[in-house]
Enquirer: 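Encoded as structure tokens, here's the structure I'll be asking about.
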Amino acid sequence: MDYATMEKTFNFSDVEKRTSDSWLRSGSFSVDCAAIDSGRSCYAIMMPPPNVTGVLHMGHLLNNTLQDILIRRASQRGEVAFWQSGTDHAGISMQVRVEKDLLSKGLDAKKMSREEFLRHAERWRDEHGDIILRQLRRLGVCCDLTRKVHTLDRDYSNCVLRGFVELYRRGHIYRGRRIVNWCPVSKTAISDEEVFTREVDGHLWRIRYELVDEPGKYIEVCTTRPETIGGDVAIAVNPNDLRYTDFLGKRCWRPFPREAIPIIADEAVDKSFGTGALKITPAHSAVDFEIGQRHNLPVRDAMNEDGTMNELAGKELAGIDRGAARVKSIEILRELGCLVSSEPHRSALGISERSGVPIEPRISEQWFLRYPHIDLAKRAVEEGHIRFFPRRWEKTYIHWLNNIHDWCLSRQLLWGHRIPVWYRIGADRQDPENWHVSIDGPADSENWERDGDVLDTWFSSAFWPLGTLGWPDDKLMETRKFSKFYPTHTLVTGPDIIFFWVARMVTMAVTFLGNDLKGKNLCEIVPFRNVYFTGIVRDNLGRKMSKSLGNSPDPIELLDRYGADSVRFGLVSSTPLGQDILFDEKNLELGRNFCTKLWNACRFRLMQGPPSDRCDFASSVAAAADGADVFDHQMASTLLAAFTTSRELLEGGGQGKSERRYLFQASLQTLEHFFRDDFCDFYVELCKWRLKELGNRKGQTLAMQDLILRTLLQLLAPFMPFITQELWNQLNFGTADEALHLVQLPDLGYALKANNLLATELELEQVAAFRMALTQLRAMTPSGFCGSLLFGQLPSSKPFEEKFRRPLLAMLGNIGVKNVEKIPENVAAVDTPWGRFALEANDGLSAESFAKIKDALALARRNIAANRAKLDDGTFLAKAPQNVVEGARRMLKENLELEAQLLGRLEGSGEVI
RNA sequence: GGGCGGCUAGCUCAGCUGGUUAGAGCAACCGGUUUACAUCCGGUAGGUCGCAGGUUCGAGUCCUGUGCCGCCCACCA
């Protein structure tokens, strides 16, 4: 009889498509509003919104697989799981992207009006912005796309602007003329976080400035930026620097454009660097700017916004780019006789993360945020209201908050949230009296003009958990169930955006909710309770994936070739906690092999008989328990152990291991190990014999397999949703169109116990001994062995029951057994609770086995010596805990016995040692 | 200049509060199977736990120092 109806292998492309459709059709990705209202507990994850300009990469795959696992598992626990998805408008990148796109169509963005440009950008976004989210569907992500949010959506924008206005009203946002990081390519200010430093080899030039009133006498300064000399407004020295006491209060000539500038004293100058004298260019250096402020110096901005020099830099440099201007300025200085010397110098240069060019410290008028409630943001993490996994990132977070600088919020771009500030037309913009700050603008709008700048993209991202859930609009918050889903449960993201995003979300949340919700505890207003930091996906040589190296695989192609489940398996199983991931396609092959094996285990089950018509867990357990034997009991216990361990590793809750959770890899490994080693290699092999010889137990045997498979499929479902769903259907475990991730995990421990399926201590020992004996006997069975098994019962041993004897022989390959009085001393033997086993040997010890016995003997003697030494040590006996001492005693006893046995064998073989 | 992480088998990593003979997967090697398993199973070998001290009855695990590798932060022109 052949019941097999399944294909031979898992055809993932058909199944993925069919299954996806079915999940969507049945609404299994939608949030169950009825359930929320009925009081079920709620679980939410905010997906880090991919940029609209983004291209799907391995990092997305990993990050979203992990979130998907958490969400599906939450559903399986019976919680109402909500996974917020959406996209980020991606300020600068998007503007650059669209400009490029327009250029390729022969259109010049710079000649367009704001409105015209935005129309193009919006069209581009609507066409391309969601691509990643759609591609993620291929991976199986179960987020609810009907609730996706884009950061420029009306409601969300409203939230962002409301945040700005509120922060302004509370005095945290101010407008100021200060030095900012200027990107000369994008022609906008950027935040400190968008600048990374790179060590660059350059020169330190020593330049002399002649004193105005004492020709022939000079003061020398050192600089790396001679092109900014035109911006010099003073020379500063440290007030305690005795070398320069005479120079103070005098004036010297700026070499070019030639002009007299004062020599001043300021504490900020380092005596030990260079000559100890510093040229002050307030428009081109943050330190100089501060010094300038203190001494009321003018600001001479010698540079244009595109990084070229202007007239103030001297007419020789005007219009020349800053790089070329540096070379030129040195030539000029040399001609003027002002260049004293030059030496190689290595310095840290700020690079714009966006355009890759050196940033320019530039004086400009911008909006800044003085971070509010840093104390609360710190406490949230320090006091454990938000927990980081791995924990060490807490230090990075706290350190950043401790050294925080004001945040330059405004960007000189078109794409983004336009700053909600209006200036009275024709009036002084410096004067706050002429400002209007609100979401809707002034009533007499004809008298006002709006600020042309937009907000930093990350400012809007900081509101993600608030804005997506409808804050600050009461009605929206009600329909989006803010009160149920906030605080969200877990944030899954990369440690590289702790500053950009994580810390800022916390800051905004505690600032706004701390005020609105009076009397609430900090733990109720944080945006998320846990943050899981993923590693960076690197190639198998540990290199960062990059286009130029060509080492970044195309995720879609991988999904095409291996299937989503294999890709997910491969990613998860190469994810160590808190370290970077070395991606190797080999892991995807392992994933595929695992899928094939899982598929075939289920196929084998169906080959033995039709699927059960019991589709509920309870009757499945009952059927499995009816007539179960010691092996079934042991399997049930092992299943429970895997069930519990796997869940604890992922979901936490283990005893004495409080912080251990989110161990995706270990959790999956536990299941794989159970499936392969316990279920397939032992239990199914045992069942093959059982099905052949014990026809009357077939029903129970298959029921037991069903119980194990259905539990396993459920546990694996979050990791590999497609194949498990398909097998679940094929095996008839659920009702038609039932989404596996919505089927609640059973209370397995209770059910097994209630049905007397769990093994006793004795049974566990027996099966362990059985499997040990099987392993050892297999190991010593030569290939093609056709002798028989010798069995010698010892006086102290327990009876070797039929229930162990028959399966043992069957699993050894159906060899015969001979009961003997005594196992000969010269053969390798296996000791079990039932007696001593050996394979009948035709000849004496081979050289090989002789060597083995000698090795074993040496090891036994080492152990004997080690344990004797311990037990002879009075301090050890006095101080070590009882169980450790007993362990040592047992070890000694066992090894002494082993030694005797091995010696006996060697003697029996006539060998002398 | 600060800070963080890594260094355990050829490779990638486990190893929780110090306690039996340091583990897994992959690769290697040997053997078997190809009527569940585009495979699978069984087995073998492989480690002075970066180095040096210290604490302890006992250290991969704790402390101190140190060496490499990587990352982050920092206004010395």
Side-chain angles (χ1 to χ4, degrees), chain A residues 2 4 6 8-9 179 196-197 204 221-225 228 236 268-270 272-275 277-281 285-290 345 347-348 350 361 390 392-393 395-396 399-400 403 495-496 498-499 536 540 542 573-582 584 586-587 589-590 592-593 595-608 654 656-660 663 665-666 669 672-673 676 680-681 684-685 688 775 778-784 813 859-860 862-863 866-867 869-870 873-881 883-891 894-895:
Chain A
D2 183 10
M6 289 172 65
K8 258 200 111 166
T9 53
I179 293 280
F196 65 92
T197 51
L204 189 63
V221 301
C222 282
T223 182
T224 55
R225 302 207 58 192
T228 63
V269 182
D270 181 352
S272 63
F273 187 89
T275 61
L278 174 64
K279 72 186 200 64
I280 304 299
T281 56
S285 152
V287 177
D288 292 9
F289 179 75
E290 283 166 23
H345 181 73
S347 58
R392 61 187 158 85
W393 294 112
K395 288 181 195 151
T396 307
H399 181 259
W400 185 73
N403 296 283
D496 50 332
I498 289 179
F499 313 142
I536 296 168
N540 57 7
S573 56
S574 49
T575 304
L577 179 69
Q579 266 161 257
D580 288 352
I581 293 108
L582 301 193
D584 193 333
K586 194 108 204 164
N587 284 321
E589 281 174 35
L590 297 179
R592 191 191 51 202
N593 291 351
C595 286
T596 306
K597 190 156 177 77
L598 184 63
W599 182 265
N600 274 284
C602 294
R603 180 165 158 258
F604 176 74
R605 158 63 188 85
L606 281 186
M607 287 170 73
Q608 307 309 316
K657 302 170 181 177
S658 52
E659 293 292 277
R660 283 169 71 79
L663 300 173
Q665 184 189 31
Q669 234 169 40
E672 187 189 4
H673 171 255
R676 293 191 106 102
C680 292
D681 298 341
V684 172
E685 291 307 314
K688 283 181 183 172
T775 302
R778 271 176 177 163
M780 65 173 68
T781 309
S783 61
L859 177 62
R862 273 204 306 279
N863 289 332
N867 285 291
K870 278 188 196 172
D873 182 348
T875 338
F876 173 75
L877 293 177
K879 293 198 174 179
N883 63 325
V884 174
V885 176
E886 272 164 24
R889 286 216 177 91
R890 196 171 59 245
M891 282 291 295
E894 282 171 8
N895 278 287

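Below, read A as the first sequence line, B as the second, and so on, with proteins coming before strands; counting in each chain starts at 1. Only heavy atoms go into these numbers, but all of them, side chains included; no hydrogens, no water, no symmetry mates.
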Enquirer: When you match A:Asn867 and A:Asn600 each to their closest nucleotide on RNA chain B, which lands nearer the 5' end?
Expert: A:Asn867

Enquirer: Need to verify one output field. Residue with the more 5' nearest nucleotide on RNA chain B, A:Thr596 or A:Ile581?
Expert: A:Ile581

Enquirer: A:Lys879: which residues meet the salt bridge (Lys or Arg N to Asp or Glu O under 4.0 Å) condition with it, sequence neighbours left out?
Expert: none

Enquirer: Respond yes when some side-chain nitrogen or oxygen of A:Arg392 is under 4.0 Å from OP1 or OP2 of B:G3, and no when none is.
Expert: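 For A:Arg392, the contact criterion (side-chain N or O under 4.0 Å from OP1 or OP2 of B:G3) is not met.
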
Enquirer: Check salt bridge (Lys or Arg N to Asp or Glu O under 4.0 Å) between A:Arg225 and all other residues, then give those that pass, not counting sequence neighbours.
Expert: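 Applying salt bridge (Lys or Arg N to Asp or Glu O under 4.0 Å) to A:Arg225 gives A:Glu227, A:Glu360.
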
Enquirer: With a 4.0 Å cutoff (strictly under), does any side-chain N or O of A:Arg592 reach OP1 or OP2 of B:U39?
Expert: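 For A:Arg592, the contact criterion (side-chain N or O under 4.0 Å from OP1 or OP2 of B:U39) is met.
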
Enquirer: With side chain to side chain contact (heavy atoms under 4.5 Å, CB included) as the criterion, how do A:Thr228 and A:Lys279 come out once you've worked through the C-alpha distance, each side chain's angles and the decisive distance to 0.1 Å?
Expert: CA-CA 10 Å; A:Thr228 63; A:Lys279 72 186 200 64; 2.9 Å; yes

Enquirer: Considering all heavy atoms of both residues, which atom of A:Thr197 and which atom of A:Ala348 are nearest to each other, and what is their separation?
Expert: CB-CB, 4.4 Å

Enquirer: Need one value for A:Ala888: base, sugar-phosphate or nothing, where a base atom within 4.0 Å counts as base even if backbone is also close, heavy atoms only.
Expert: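 Nothing, no nucleic acid heavy atom in range.
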
Enquirer: Heavy atoms from C-beta onward define the side chain here; which of B:G5, B:G42, B:A36 lies closest to that of A:Arg778?
Expert: B:G42

Enquirer: Taking only side-chain N and O atoms of A:Asn587, does any of them lie within less than 4.0 angstrom of OP1 or OP2 on B:C26?
Expert: no

Enquirer: With sequence neighbours excluded, what pairs up with A:Phe604 under the ring-ring contact (aromatic ring centres under 6.0 Å, His included) test?
Expert: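 By the ring-ring contact (aromatic ring centres under 6.0 Å, His included) rule, A:Phe604 matches no residue at all.
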
Enquirer: So if I take every side-chain heavy atom of A:Glu685 and compare against B:C4, B:A36, B:U20, which nucleotide ends up nearest?
Expert: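 Shortest atom-to-atom distance from the side chain points to B:A36.
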
Enquirer: Using a 4.0 Å cut-off on protein heavy atoms (strictly under), produce a 5'-to-3' string for nucleotides 67-77 of chain B with B for base contact, S for backbone-only sugar-phosphate contact, and - for none.
Expert: ------S-BBB

Enquirer: Answer with base, sugar-phosphate or nothing: what part of the nucleic acid does A:Thr281 contact at a heavy-atom distance below 4.0 Å?
Expert: nothing

Enquirer: For A:Asp873, which residues count as a side chain to side chain donor-acceptor pair (under 3.5 Å) partner, sequence neighbours excluded?
Expert: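 Partners of A:Asp873 by the side chain to side chain donor-acceptor pair (under 3.5 Å) criterion, ordered by chain and then number, come out as A:Thr875.
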
Enquirer: Within the 4.0 Å heavy-atom criterion, would you say A:Pro495 contacts the bases, only the backbone, or no part of the nucleic acid?
Expert: nothing

Enquirer: From the set B:A27, B:A36, B:U21, return the single nucleotide nearest to any side-chain atom of A:Lys870.
Expert: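 That would be B:U21.
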
Enquirer: Can you tell me if A:Arg676 touches the phosphate of B:C40, counting only side-chain N or O atoms and a distance under 4.0 Å to OP1 or OP2?
Expert: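 Result: yes.
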
Enquirer: OP1, OP2 of B:C57 versus side-chain N and O of A:Lys879: anything below 4.0 Å?
Expert: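 For B:C57, OP1 or OP2 has a side-chain N or O of A:Lys879 closer than 4.0 Å.
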
Enquirer: Just to verify, what does A:Arg676 make a salt bridge (Lys or Arg N to Asp or Glu O under 4.0 Å) with, not counting sequence neighbours?
Expert: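 For A:Arg676 the salt bridge (Lys or Arg N to Asp or Glu O under 4.0 Å) partners, ignoring immediate neighbours, are A:Glu672.
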
Enquirer: With C1' as the reference atom in both, quote the distance from B:G10 to B:G47 in angstrom, rounded to an integer.
Expert: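 Between the two C1' atoms, the distance is 11 Å.
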
Enquirer: So, is A:Lys8 close to the B:C37 phosphate, meaning a side-chain N or O under 4.0 Å from OP1 or OP2?
Expert: yes

Enquirer: So what does the secondary structure string of RNA chain B come out as, 5' to 3', with Watson-Crick or wobble pairs under 3.5 angstrom, [ ] for crossing and | for pairs with another strand?
Expert: (((((((..((((.....[...)))).(((((.......))))).....(((((..]....))))))))))))....

Enquirer: Given B:C41, B:U20, B:C26, which nucleotide is nearest the side-chain atoms of A:Arg890?
Expert: B:U20

Enquirer: Please work out if A:Asn593 contacts a base, only the sugar-phosphate, or nothing of the nucleic acid, heavy-atom cut-off 4.0 Å.
Expert: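 Counting heavy atoms under 4.0 Å across all strands, the contact made by A:Asn593 is with sugar-phosphate only.
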
Enquirer: Who are the side chain to side chain donor-acceptor pair (under 3.5 Å) partners of A:His345, not counting sequence neighbours?
Expert: none

Enquirer: When we call it a touch if two heavy atoms are under 4.0 Å apart, what does A:Gln579 touch: a base, just sugar-phosphate, or nothing?
Expert: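 Counting heavy atoms under 4.0 Å across all strands, the contact made by A:Gln579 is with sugar-phosphate only.
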
Enquirer: Could you list the residues that satisfy salt bridge (Lys or Arg N to Asp or Glu O under 4.0 Å) with A:Glu685, not counting sequence neighbours?
Expert: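 A:Glu685 satisfies salt bridge (Lys or Arg N to Asp or Glu O under 4.0 Å) with A:Lys688 only.
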
Enquirer: Can you sort out the partners of A:Thr275 under side chain to side chain donor-acceptor pair (under 3.5 Å), two or more places apart, ordered by chain and number?
Expert: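 So A:Thr275 forms no side chain to side chain donor-acceptor pair (under 3.5 Å) with any residue.
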
Enquirer: Could I get the full list of side chain to side chain donor-acceptor pair (under 3.5 Å) partners for A:Asp270, not counting sequence neighbours?
Expert: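 Scan of A:Asp270 (side chain to side chain donor-acceptor pair (under 3.5 Å), adjacent residues dropped) gives A:Ser272.
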
Enquirer: With heavy atoms under 4.0 Å as the rule, sort A:Cys602 into base, sugar-phosphate or nothing.
Expert: nothing

Enquirer: Is there any protein nitrogen or oxygen under 3.5 Å from a nitrogen or oxygen in nucleotides 45-47 of chain B, and what are the pairs?
Expert:
none

